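Scroll down for the structure; my scribbles are underneath it.
Lettering follows sequence order; numbering is per chain, from 1. Small disclaimer: the values here were computed from a predicted structure and weren't measured. For the numbers below, each heavy atom of this structure counts, side chains included, while hydrogens, waters and symmetry mates do not.
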Amino acid sequence: MLEARGLSISFGGLKAVESVDLSVGKGEIFSLIGPNGAGKTTLFNLLTGFLKPDRGEVLFMDQPILGRQPHEIAGMGLIRTFQKTNIFAEATVKESVAIGFHTQRQANIVDILVNGPNSRAEKRAVEEQTREILAFTGLLPWSDYLGKNLPYGKQRLLAIALALAAKPRLLLLDEPATGLNPVETKELIEIILSVRETYGITVLLIEHNMKLVISISDRIAVLNFGQKIAEGKPNEVAQNPAVVEAYLGRGFRNAS
Amino acid sequence: MKKQVRLLVAALVLIGLLFIPKLFSMDYYMHMFVMSEIYTVLALSLALIVGFSGQVSMGHAAFYGIGAYVSALLSVNFGFSFWVTIWIAGIAAGVVSFMIGVLVLRLRGHFLAITTAFFGILVGLVFNNWTTLTNGPMGISGIPRPTPFHFAGFNMVVQTRAHYYYLGLAFAALVTFIVYRLINSRIGNALIAIRENEELARSIGIDAMAYKVFAFTVGGGLAGMAGSFYAHYILFISPVTFTVGESINILVMIIFGGMTTLFGPILGAVFLTVLPEFLRIAGSLRLVIYGVALVVFIIWMPLGVWGSLKSFWMGQRQASLQTARENPERL
């Protein structure tokens, strides 16, 4: 589904991402972990067109996507969320999710001005599907709240709901559990798992919460200083000496 | 029920508006109302750019002026009728707006504001100095009134202020309707998304640049049509009408009324056209009162008059939702 080969980018002298290969298969939940500053978010930005790599190539659904604009890549079904809480602050929850359906709406300008059949059918469909997604993410009771007035945990969910509205084939979640309490984290895990089951969406996840990562990932890749130092099944990676060293430093090799 | 109430209110407002020329027969009042209509179009077109898309433009009067000059020159030099030139003026202003938009809309915030202000100044310089075309500071006089309009046995003559009032009312209503449909469509959704969070908008597949340019083009084009209407109403145009000061005037109208709403810009346009005139009884204190009132409104109602009312109602609704959630038995 997603193939990255030899991706590299440096900022000045800092090699933020260096020849990283990544291959995510259809239907997988694939996690990307690594210490702070390892280059995970930079890698997301490279994959989604927000940054241009110095070298390397990216294939999504067997098509090269490098050099395309973020909105074009999003239109192909590669949708990302952001590490910081990124929502439409002054729009209601309902409106925000409705905005997410943008790429699936085609009504032309004439149809819009006369409120023609396409435009009306589209609005009805969006309304219906918005409800569906709000129900799916448990945000239905919050429909009429402004984004900025939601509690933090719900804002994080709203960002995911918005991404889901954009019809992802591959969903890139950047630290979705940051700042969530254990109950919310559990809800999140269920949502991610059913995103795959209900909608058949592949998930690529950046996360620091190890419990979450180990419990839901099919495969994990570990980044450190911009390089991939390990990849494999959760338990393999957890045992990998290089990974333990990256996280805990030398001398803790037996601690895990 | 809610829809019927709305229709009833709309019908009453429309009847009221239609009767205004009967109530205010003085030329002077009618002039103010016609100007209110022109400013309504200008304010709505600017609200599309600044309010809904979040791109601050301080050069809106330039498009207003381009429309006025294109329309005036075509009718004075080539005898084109207003009914033709208003469309050409709109298209010309729209084309210029499109080209400027492509160039400057990659800038944000203050940078965009300053650049568009300079564009406004530049256009003013052209009006002033390209004397062979624009007659410079002397302006263009002798612009003909709209020619009598014959359509399907229906004769429309535009002579008196009341005639202009009705024509302007139709124009303003049409523009209100266009903006209403736009902001309630996928296009409006995309614009609001860009205003709220451009990065996030791009991440869900919205071509931010294309939509910003679209709003800028439509806004500029509508302002150009307003310019054409102005030229064929006042029958004289000169560069002093289309300055950066005028751009700021329009900007103040939408800030005052509430630029993220449909009704706010209309309210701001009408109120700020009429208010300074009524303040004339205050004599030399007029501008002081006007200025203080604006500052007070901007400090205490940053969303504009209409925007603040709207958010107050929404707040009430949310509060009641909250109570309902916390005390389900009270539902």
Is it true that atom [atom1] of [X] has more than 12 heavy atoms of other residues, nucleotides or ligands lying nearer than 6.0 Å?
X         : atom1 : result
Asp62(A)  : CG    : no
Glu127(A) : CD    : no
Tyr166(B) : OH    : yes
Phe111(B) : CZ    : no
Arg131(A) : CZ    : no

>> Could you go through Ile109(A) and Phe214(B), starting from their C-alpha distance and side-chain angles, then the distance that decides it, and tell me whether this counts as side-chain contact (heavy atoms from CB on, under 4.5 Å)?
In response: CA-CA 11 Å; Ile109(A) 184 88; Phe214(B) 173 82; 3.7 Å; yes

Atom [atom1] in [X], atom [atom2] in [Y]: separation rounded to 0.5 Å?
X         : Y         : atom1 : atom2 : value
Asp207(B) : Thr103(A) : CG    : OG1   : 12.0 Å
Leu191(B) : Ile99(A)  : CG    : CD1   : 10.0 Å
Ile187(B) : Arg105(A) : CD1   : CZ    : 10.0 Å
Glu95(A)  : Asn189(B) : CD    : CG    : 8.0 Å

> Considering all heavy atoms of both residues, which atom of Arg181(B) and which atom of Ile112(A) are nearest to each other, and what is their separation?
Replying inline: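 Arg181(B) and Ile112(A) have their closest heavy atoms at CD-O, 3.2 Å.
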
Just give me the residue among [options] that pairs up with chain B most often, heavy atom to heavy atom, under 4.5 Å.
options                        : value
Gly75(A), Ala107(A), Gly100(A) : Ala107(A)
Ile87(A), Thr48(A), Leu78(A)   : Ile87(A)
Ile73(A), Val114(A), Asp111(A) : Val114(A)

> For Phe177(B), is it the side chain, the backbone, both, or neither that has a heavy atom closer than 4.5 Å to a heavy atom of chain A?
Replying inline: side chain

> Glu72(A) versus chain B, heavy atoms under 4.5 Å apart: side chain, backbone, both or neither?
Replying inline: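 Answer is neither: Glu72(A) stays 4.5 Å or more from chain B.
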
> Is it the backbone or the side chain of Lys84(A) that comes under 4.5 Å from a heavy atom of chain B, or both, or neither?
Replying inline: side chain

> Quick one: are Glu199(B) and Asn86(A) in side-chain contact, heavy atoms under 4.5 Å?
Replying inline: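 Glu199(B) reaches Asn86(A) side chain to side chain.
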
>> Using side-chain heavy atoms (C-beta onward) and a distance below 4.5 Å, is Arg202(B) in contact with Phe50(A)?
In response: yes

> Is there a donor-acceptor contact under 3.5 Å from the side chain of Lys123(A) to the main chain of Asn184(B)?
Replying inline: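 At least one qualifying donor-acceptor pair exists.
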
>> Quick check against the 3.5 Å criterion: does Arg80(A) have a side-chain atom that pairs as donor or acceptor with the backbone of Ser203(B)?
In response: no

>> Ile206(B) vs His71(A), test: side-chain contact (heavy atoms from CB on, under 4.5 Å). Steps then yes/no.
In response: CA-CA 5 Å; Ile206(B) 294 171; His71(A) 68 88; 5.6 Å; no

> How far apart are the C-alpha atoms of Met209(B) and Gln69(A), what are their side-chain angles, what is the distance that settles it, and do they pass the side-chain contact (heavy atoms from CB on, under 4.5 Å) test?
Replying inline: CA-CA 11 Å; Met209(B) 190 64 189; Gln69(A) 292 283 319; over 6 Å; no

> By number, which residues in residues 158-177 of chain A have some heavy atom less than 4.5 Å away from chain B?
Replying inline: Leu162(A), Ala166(A)

>> Centre-to-centre under 6.0 Å for His102(A) and Tyr211(B), is that the case here?
In response: yes

>> Determine whether Leu200(B) and Phe88(A) satisfy the following criterion, side-chain contact (heavy atoms from CB on, under 4.5 Å), listing intermediate values before the conclusion.
In response: CA-CA 8 Å; Leu200(B) 181 58; Phe88(A) 299 124; 3.9 Å; yes

